[in-house]
Amino acid sequence: MKHKLLLLSLLCFAIVAFRSVEDSLFVVPSNFPKPVYNFSKNSLTANKIQLGRALFYDPILSRDNLISCASCHSQFSAFTHIDHALSHGIDDKIGFRNSPALMNLAWQTSFMRDGAINHLDMLALAPMSNPDEMDENITHVVFKLQANNVYPKLFFEAFGDSVITGEHTLKAIAQFMLTLVSSNSKYDSVMRKQSVFTSQEKNGYVLFKKNCASCHTEPLFTNDNFRNNGLAIDTTLKDFGRYRATKNPSDSLKFKVPTLRNIEFSYPYMHDGRFKKLSQVINHYTNGIEKNRTLAPELQKAIELTSNEKVDIIAFLLTLSDKSFLFNPKYFYPKEIFSKTVKD
Amino acid sequence: MKGKIAVFLLFFMNVYGKTFSQTNSIQFSIIPTFGAATLHLSDSAFYANDTTHLQLTAVKCYISNIQFLKNGKLVLEEKNSYHLVDASEINSLKISINNQQNISFDQLKFNLGIDSATNVAGAMGGNLDPTKGMYWAWQSGYINFKLEGTSALCKTRNNEFQFHLGGYQQPNDCLQTLCFPINNSSKINLRLDVQQILQQIDLTKTNHIMSPSAEAVLVSKIVANAFTIYKN
């Protein structure tokens, strides 16, 4: 009986300990809402995240084994491709959209500028198969991973099965992407009453709430919706945004409202990367709106800002930078895994 | 001794279990045909008397959510019912459905394609694994039905035609629910006549559907009508 009790208490302890390890892998920031991602169907483990991180940085996902996810999503630029207006992929090909920054994806209901991807698990399939990006396919990727000398072991450690599947490959990549949470900017510390805005930032925040927050909603700084923000169409790209995915004329020229977190580091801006500077973005909203059929209701009335107010808004936007995210070692290239590959 | 009994018991259970499952299951076969002829998917499969040099290279579909009804009421349904039927894979054409309690029925019901809830549920394994080639990449969603081949009627590259039918959102939801009155039998033969599909499509005009659209819905309905219960 005593033994049984001891065993039971040990078991309870193990469960509690395991739970807390699992919980620490993904913490919902205190000022954030409940995530959208269904973790019960892909519960996080350290091994799965580590596998996903290896896959994220491994060019094995591309046809020529030279392009990785990280090629167009580098950490220091909030996981987008700095200085590249349009995605730059395989054989130096140029895609037709600006690669989106990757963060706080557990709170997103659809993915890509046009929302064509309905689940985070399925996100990696798109760049993997795009002929201008990685030009591969998941079936062949799984074949290459199975033949590789480290991945069968990593998959076994993660999923208890060294037979690699598309499902496990995608779920592992999704797990790593889920851990990309940015929630420690100055803005966040002000919200948590651990810090205060300067008077300029404070004024910028007031102006932001008045003019921008209806689409770039706090605390994620996106309403996760699609809007036509009045950009004149680029006649070389002819990108009609969400219309491409839904073929619904009322979706013409609408694009996913991007988060503004780490905006200081994720230039250039807009779906086609047409603006290099935040000042150009603000000037677009005050002076550049092209009125057409699907223009966002929020932009029907002109936004008026003095030049000082514009500077104040930018000062506020800079408080959304999160260095602990941009330089967090847990997102770095996993050299401990890849150095083994070379040795073997 | 105990070990021997256990081994014997296991052996007995195995033999008995097998016989049991054979008598208490429904053998559901899908028979792809071209008119009355058996369907051949190979490079030399030109059909006689066909001036269009029709050749078929792929016929695949998802059959899901298999249910049996009696007097309009659900009496038996297969758990985790997702089957990838591939005309070139003989094993994929035979589905065995457990009917332990010998439940009697008079109607068969199933989906041609994958339901919308499964389409939005993230990465899946088994027959639903995206490596099976029945999942779109740039736009999330399963391909419900795939028909590929060549015909002189198609003024396309290598005379190819490709129908990848799918889409789970309105107004372009391609999922088709099929119902057939059937005899209460442990053998069901479902025929898919590809000739009937191609007779209703003008290959000179329609030869390339690869994303959700109104046209994909239309062709999905044509495909659904090409299924019949055969020699039941």
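Basis for what follows: all heavy atoms, side chains included, without hydrogens, waters or symmetry-related copies. Chain identifiers are assigned alphabetically (A, B, ...) following the order of the sequence lines, protein sequences preceding nucleic acid strands; residue numbering begins at 1 within each chain. A quick note: this is a predicted structure, and the numbers were derived from the prediction, not measured.
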Could you check, using the six-membered ring where one of them is a Trp, whether [X] and [Y] have ring centers closer than 6.0 angstrom?
X: B:Phe163; Y: B:Phe145; result: no
X: A:Phe111; Y: B:Trp138; result: no
X: A:Phe26; Y: A:Phe39; result: yes
X: A:His119; Y: A:Tyr37; result: yes

Counting heavy-atom pairs closer than 4.5 Å to chain A, which one of [options] comes out on top?
options: B:Ala137, B:Pro171, B:Pro212; result: B:Ala137
options: B:Ser211, B:Gly133, B:Ser140; result: B:Ser140
options: B:Ser213, B:Gly141, B:Gly125, B:Gly126; result: B:Gly125

Check your understanding: A:His81 vs A:His84 aromatic rings, parallel, tilted or perpendicular, using cut-offs 30° and 60°?
Key ->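 Judged by the thresholds at 30° and 60°, the geometry between A:His81 and A:His84 is parallel.
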Practice item. May I ask you to decide if the ring planes of A:His271 and A:Phe255 are parallel, tilted or perpendicular, using 30° and 60° as cut-offs? Key: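 Parallel.
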Exercise for review: Can you tell which part of A:Asn38 gets under 4.5 Å to a heavy atom of chain B, answering side chain, backbone, both or neither?
Suggested key: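 Neither part.
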Check your understanding: For A:Asn130, is it the side chain, the backbone, both, or neither that has a heavy atom closer than 4.5 Å to a heavy atom of chain B?
Key ->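 Neither the backbone nor the side chain of A:Asn130 comes within 4.5 Å of chain B.
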Practice item. Between chain B and each of A:Asp121, A:Asn118, A:Leu125, count heavy-atom pairs under 4.5 Å; write down the option with the most. Key: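 Between A:Asp121, A:Asn118, A:Leu125, the count favours A:Asn118.
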Review point. Who wins among A:Ile117, A:Val141, A:Leu170 for the most heavy-atom pairs under 4.5 Å with chain B?
Key: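 Option with the top pair count is A:Ile117.
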